[in-house]
Amino acid sequence: MQRALRVLGYRLKLDAVQVAKCSASQFSFNDFLEFISDQGVNDRGTFDEISQAFDLFDYDKSGKITLDNLKRAERECGMKLSDHELQNMIDVADCDGDGQISKDEFMIIMQKTCMFSN
């Protein structure tokens, strides 16, 4: 959990991360979003920061986040999610149905999660 948050550029109090680690085996993506928004992360965001977060996932600089991009991020963060769970993340954000997440779609999903205010 702590690695995932660091990759996204967040620095949270260690005790908050430790609490999340206790239930990490049952920690869903929605739980993750709720956790970081509960920690005041929504105060830090700007479009530039969200764009930088998108770029961290877009390893191949294609302008889209693909399943392969999410798999790589997952491995680097030490998370263990199934391909099905990763594909569900894409499906939630994929507005145009192309099976990938564009920067615009990423901005939309981040706004819906209240992770930043503009």
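Computed from a predicted structure; not experimentally measured.
Scanning both residues, Ile90 and Leu67, for their nearest heavy atoms gives CD1-N, 3.4 Å. Lys64 and Asp98 get closest at one heavy-atom pair: NZ-OD2, 2.6 Å.
Put simply, NZ on Lys71 and OG on Ser82 are 10.0 Å apart, with the number rounded to the nearest 0.5 Å. Taking OG1 from Thr66 and CZ from Arg72, the interatomic distance works out to 10.5 Å, rounded to the nearest 0.5 Å. Note that the CG atom of Leu86 and the CG atom of Asp68 stand 10.5 Å from one another [nearest 0.5 Å]. Rounded to the nearest 0.5 Å, atoms CZ (Phe57) and CG (Asn69) are 9.5 Å apart.
Lys80 NZ: 12 or fewer foreign heavy atoms inside a 6.0 Å radius.
Judged by distance alone, the side chain of Asn88 and the main-chain N or O of Glu85 form no donor-acceptor pair under 3.5 Å. Judged purely by atom type and a 3.5 angstrom limit, Asp58 uses its side chain to pair as donor or acceptor with the backbone of Ser62. Within the 3.5 Å criterion, the main-chain N or O of Asp55 finds a donor-acceptor partner in the side chain of Lys61.
Considering only heavy atoms from C-beta on, Lys103 stays 4.5 Å or farther from Ile50 through its side chain. Side-chain contact between Ser51 and Met107: present, with at least one pair of heavy atoms (C-beta onward) separated by less than 4.5 Å. The closest side-chain heavy-atom distance from Asp94 to Asp96 is below 4.5 Å.
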(request) Please test Asp83 against Gln87 for side-chain hydrogen bond (donor to acceptor under 3.5 Å, both in side chains), starting from the C-alpha separation and ending with a verdict. (result) CA-CA 6 Å; Asp83 285 359; Gln87 186 61 52; over 6 Å; no
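Each of Ile108 and Leu70 belongs to its own hydrophobic cluster when Ile, Leu, Val, Met, Phe, Trp and Tyr are linked at side-chain heavy-atom distances under 4.5 angstrom.
Below 30°, between 30° and 60°, or above 60°: for Phe106 and Phe54 the angle between ring planes is above 60°, a perpendicular geometry.
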